[in-house]
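Reading through the structure tokens given below for one structure.
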Amino acid sequence: MTTILIADDEAPIVELVRFTLEDDEVQILGAYDGLTALELARAIQPDLALLDVHMPRLDGLEVCRRLRASPQCTGMRIVMLSAAAQLDDRARGLAAGADEYLTKPFSPLSLLTLVRALVPGGPIWPVT
């Protein structure tokens with residue numbers, strides 16, 4: 001089973017990800033602040049973490065840095081999510097250790113395409 005963590009303080013984003021990706025082969029874990037996301041990621045070690053940049057208690061960039069520094073999370077793929085779409089914003093996300101940077105709003109299809117590319121050997125969702 002593929003496990004994906006979505007960390008965002010906006011419940012509709014968490015639910016959009018859950019609706020788009022969750023099925024019999026994919027478990028979605030939700031966190032609504034950075035500290036909870038960090039604790040969950042370290043405990044569960046998901047295949048992929050989708051981290052909002054701006055969250056309470058700990059921002060997504062710091063969560064990303066700490067996960068990259070955790071030996072138990074070395075194989076985890078990380079995508080930063082943000083409404084900030086400038087090149088500098090993307091550069092900060094990648095410098096923090098993210099594999100990709102996805103700007104909000106995003107379409108379910110673009111999310112699905114990105115996740116397929118980052119989780120090789122994971123589930124193959126139907127193209128809609």
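Here the structure is a predicted model, which is why all the values come from computation and not from measurement.
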- prompt: Does a salt bridge link R68 with D99, judged by any charged N lying under 4.0 Å from a carboxylate O?
  reply: yes

- request: Please report the closest heavy-atom contact between D8 and K104, naming both atoms and the distance.
  value: OD2-NZ, 2.7 Å

field: Note, L21 side chain near V115 side chain (heavy atom, < 4.5 Å)
entry: yes

- request: Measure the shortest side-chain to side-chain distance between Q86 and R92 over non-hydrogen atoms and say whether it is less than 4.5 angstrom.
  value: no

- line: Heavy-atom closest pair (G93 atom, L61 atom, distance to 0.1 Å) is CA-CD2, 3.6 Å

- request: Please check if any side-chain donor atom of S110 sits under 3.5 Å from a side-chain acceptor atom of T113, or the reverse.
  value: no

message: Would you say that I13 contacts D52 through its side chain, given a criterion of any heavy-atom pair below 4.5 Å between the two side chains?
response: no

Side-chain atoms of residues 37-49: list all donor-acceptor pairs with protein atoms under 3.5 Å, sequence neighbours left out, distances to 0.1 Å.
| unit_1 | atom_1 | unit_2 | atom_2 | d |
| --- | --- | --- | --- | --- |
| R42 | NE | S70 | OG | 3.2 |
| D47 | OD2 | T3 | N | 2.7 |

task: Could you please spell out the steps behind the side-chain contact (heavy atoms from CB on, under 4.5 Å) verdict for L58 and R66?
output: CA-CA 11 Å; L58 198 61; R66 292 185 188 187; 3.8 Å; yes

query: Would a 4.5 Å heavy-atom cut-off, applied to side chains only, mark L29 and I6 as touching?
result: no

query: Are L114 and E100 side-chain neighbours, meaning at least one heavy-atom pair lies under 4.5 Å?
result: yes

- prompt: Which residues pass the side-chain hydrogen bond (donor to acceptor under 3.5 Å, both in side chains) test with Q27, sequence neighbours left out?
  reply: none

- prompt: Which atom names give the shortest non-hydrogen contact between E15 and Y32, and what distance separates them?
  reply: OE2-OH, 4.0 Å

- request: Give the minimum heavy-atom separation between R18 and I28, together with the two atoms involved.
  value: NH1-O, 3.1 Å

task: For residues D89 and Y101, determine if any side-chain heavy atom of one lies less than 4.5 Å from a side-chain heavy atom of the other.
output: yes

field: Flag side-chain contact, heavy atom, 4.5 Å: L51 against V79
entry: no

task: Write down the atom of V14, the atom of G30, and the distance for their closest heavy-atom approach.
output: CG1-CA, 4.2 Å

statement: What one should report as the nearest heavy-atom pair of D33 and M55 is C-SD, 4.0 Å

